[in-house]
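Everything on this sheet refers to the single structure shown next.
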4 protein chains.
Amino acid sequence: MPKIVDHELYRRELLDKCFDLFAEKGYASITMRQIADGLGVSTGTLYHYFPSKKALYEQLVEEINRQALLKVAAELEGTQTLQERIEACGRFLQKNEDYFIKQTFIMIDFCQSSDHHENKGNAVFKVTIERCLQAVCELLGFEDRGLAAFIMTHIDGLLLQKIWMKEEISIAEQFKILGRMLTLYLENKYLHHEEKP
Amino acid sequence: MPKIVDHELYRRELLDKCFDLFAEKGYASITMRQIADGLGVSTGTLYHYFPSKKALYEQLVEEINRQALLKVAAELEGTQTLQERIEACGRFLQKNEDYFIKQTFIMIDFCQSSDHHENKGNAVFKVTIERCLQAVCELLGFEDRGLAAFIMTHIDGLLLQKIWMKEEISIAEQFKILGRMLTLYLENKYLHHEEKP
Amino acid sequence: MPKIVDHELYRRELLDKCFDLFAEKGYASITMRQIADGLGVSTGTLYHYFPSKKALYEQLVEEINRQALLKVAAELEGTQTLQERIEACGRFLQKNEDYFIKQTFIMIDFCQSSDHHENKGNAVFKVTIERCLQAVCELLGFEDRGLAAFIMTHIDGLLLQKIWMKEEISIAEQFKILGRMLTLYLENKYLHHEEKP
Amino acid sequence: MPKIVDHELYRRELLDKCFDLFAEKGYASITMRQIADGLGVSTGTLYHYFPSKKALYEQLVEEINRQALLKVAAELEGTQTLQERIEACGRFLQKNEDYFIKQTFIMIDFCQSSDHHENKGNAVFKVTIERCLQAVCELLGFEDRGLAAFIMTHIDGLLLQKIWMKEEISIAEQFKILGRMLTLYLENKYLHHEEKP
DNA sequence: GATGAATGAGAATTCATTCAT
DNA sequence: TATGAATGAATTCTCATTCAT
């Protein structure tokens, strides 16, 4: 079944190229023609690979979520202390800032449109975020889910800040503060626990 | 003598009522007819008060920004320790969670649409955010802008998390952690400074 | 009934001021609001004096026709030879060029819109044009209706030419040629007639 | 392979079929839906071939001007005397009376709407009229531009008269008079020249 | 598979007209 | 009388989708 492989491969390629387009104009604002033009194909071809605009969008969201963890995982190697890891995480975020902002736009757009009719979207999200929390715990070597959520929250917050005011925020600096806080927090918790008994 | 209507006042009323509508469907997805229906007026009347959908939206964003600070300022009274204040802040956020999430949707939508052509939008944002930072500093009684940004970031992050997964996040808990971290961080900084000389 | 006089007088004033507005934008293109603004009144007032846009327009056309002949008649005094009269006529046309062009626009507009539903418009025109032909005959001192029509035709043609290309046509020159032609034509006709018997 | 349609050719066909529609209702009065219905296509198709109502109209005007001279040129063959030619011209006008009246409506409409913002329209007109004058000179075998303008003016005038009062004017008769006048005028001019030296 | 012409419901916007004040 | 706010049908234009080639 060589044809099917081609088809599937090409579908993925198209999906990849859609990313920027959806991110920059938003789901409701971009037209299928604009997408087709952006991909260098005809609308007919677009419909050959995706049954509708909505389906195309949903497949894109799925694809993004699938790739998100792979990318983070690839970035985890060879770090030792917590501060080191946090800062590595910050550098990664900073390096791919544009990508993550776009991803954020797409995801928010998706939430807004799916919240109402169906919330199967949320199912996808829950899994993804669950995996992210797990990854953060493993990555940073602790088990406190609240703390992992704290870090995730901070990352999301930084992305939003970037959306608000592109140039005003230093991700590196923010991650330095985050690292120091976490270190202090964990040390203190540890001391606290030791003192307790 | 004309029908007696305070044009400016009525415009504001309409604007207020638009808030939910834009937040729930998004700028591009909601139609002027839906808005008119939602406001209980005809499309003609809508256009009598706002020259275009775009203008209506921009005026809404302006109005939101204008009101944002007033609301925060009203919430600052009668708290003592840092931890107390932070947690009061958290309660405030939690109480108005829906409002802030909607505001976030609207603002992100606005960024996405305005980023490209003009960025006069960003000017509005910068001022608003600058004032927020200032307010955080005053509220918490310190001068460290990086730290204020850290808190703001965290708040934004919480809102995004709420958007991702409505029920999974406990704002109160997150703010408890934030408060403890800040306290530790500031104490430590203080010690550090004392040690230095 | 002093009020009625005022009313009637004011209606005429408004009508006069409408002339330019209708001429410049055309019946279908101008809006009642634009007219009201142009007249310095509210739309409500406009509708107080005229039952509808169509009625306003028809009253304007009537008023124009009523005034047209008065103006020509006033211009007929103190000329002797045919050539002289023709040229005086040309000067008159040239002096009021803008006015006549506007009148032409309005009339054509009227024809186009009335041709289809009703042609009561044409009745008005027929009377007016009939009177014009009569006036030309009297003015130039002959009885040949075909020739009078020839002259009228030429005047209309000049107005159209002016519409096509504002600056390229010299009305004065054209009337000089017209005068000479008519003189020759009439002389020749006369000779011809004399020879015949 | 796409549906096989000669885009350019079809565009011209649509344009041709628009002629009557615009002429009969006027630019501002006819709606795109009426045009689409008149052409037997959907509004979507209309917009597939023309970006806007204005553009459609402008392309129509261009097309008309392009075709106008071709038609006159085709009519010039096999005439001898001036009187003959003039009368042939008159017959041609009479035969295509409806067409020319419609063209006149369209052109006037165009002037009225374009006069104000841009006058690129006038550029098109100037060229067209210039060519017409040239054609008249060649057709009638003389060089006097003023006289050519005189004839053009008369033709335009006849069209306007027809617009005013459809049935009252005999184009043939008017052209007979015109021919005689021109002949006399030219003979006289000739004599005059001979006498001079 | 690929194309882009065709569709028509639906979007933003306009405008003659009405009517409370 | 005069005003201009309110209306909603009608207008221009868009766009997801279909389909003949």
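Here is the naming used below: chain letters follow the sequence lines, and residue numbers restart at 1 for every chain.
- Protein atom CD of B:Glu13 is 15 Å distant from nucleotide atom P of F:dA5, rounded to whole Å.
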- [ ] Summarise how protein sits on nucleotides 10-15 of chain F as a single string, 5' to 3': B when a protein heavy atom is under 4.0 Å from the base, S for sugar-phosphate-only contact, - for no contact.
- [x] BSBBBS
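- Heavy-atom nearest nucleotides on DNA chain E were determined for D:Gly40 and for A:Ser42, and the one closer to the 5' end corresponds to A:Ser42.
- Residues satisfying the ring pair (Phe, Tyr, Trp, His ring centres under 6.0 Å) criterion with B:Phe19, sequence neighbours excluded, are B:Tyr99.
- Every residue meeting the side-chain contact (heavy atoms from CB on, under 4.5 Å) condition with B:Thr31, not counting sequence neighbours, appears here in chain and number order: B:Arg33, B:Gln34.
- Rounded to whole angstrom, the span from the CG atom of A:Leu46 across to the C1' atom of E:dG1 amounts to 14 Å.
- Residues that satisfy the ring pair (Phe, Tyr, Trp, His ring centres under 6.0 Å) test with A:Tyr57, not counting sequence neighbours, are A:Phe22, A:Tyr27, A:Phe110.
- Nucleotide E:dC15 holds its P atom 12 Å from the CG atom of C:Asp37, rounded to whole Å.
- Straight-line distance from the CG atom of A:Leu14 to the P atom of E:dA2: 9 Å, rounded to whole Å.
- Computed from coordinates, the B:Ile35 CD1 to E:dA11 P distance equals 12 Å when rounded to whole Å.
- For C:Thr45, counting side-chain heavy atoms from C-beta on, the closest listed nucleotide (E:dA6, F:dT7, F:dA2) is F:dA2.
- Scored by the side-chain contact (heavy atoms from CB on, under 4.5 Å) test, A:Asp98 finds A:Lys166 as partners (sequence neighbours excluded).
- Computed from coordinates, the D:His48 NE2 to E:dA6 P distance equals 6 Å when rounded to whole Å.
- Looking only at distances, a side-chain donor or acceptor of D:Gln112 sits under 3.5 Å from a matching main-chain atom of C:Ala23.
- Counting to the nearest Å, the P atom of E:dG4 and the CG atom of D:Asp6 are 14 Å from each other.
- For C:Tyr47, there are no ring pair (Phe, Tyr, Trp, His ring centres under 6.0 Å) partners, not counting sequence neighbours.
- Evaluation of the side-chain contact (heavy atoms from CB on, under 4.5 Å) rule for C:Ser52 yields C:Lys54, C:Ala55 as partners, not counting sequence neighbours.
- Among the heavy atoms of the strands lying under 4.0 Å from C:Tyr49 are primed sugar atoms or P, OP1, OP2 only; no base atom is included.
- Sorted pairs that involve residues 36-53 of chain B and meet salt bridge (charged side-chain N to carboxylate O under 4.0 Å, His left out), not counting sequence neighbours, are lacking altogether.
- For DNA chain F, if you chain together Watson-Crick or G-U pairs that step i with j, i+1 with j-1 and so on, the runs of at least three with distances under 3.5 Å are E:2-21 with F:2-21.
- No donor-acceptor distance shorter than 3.5 angstrom exists from the side chain of C:Thr45 to the backbone of C:Val41, with no hydrogens or angles considered.
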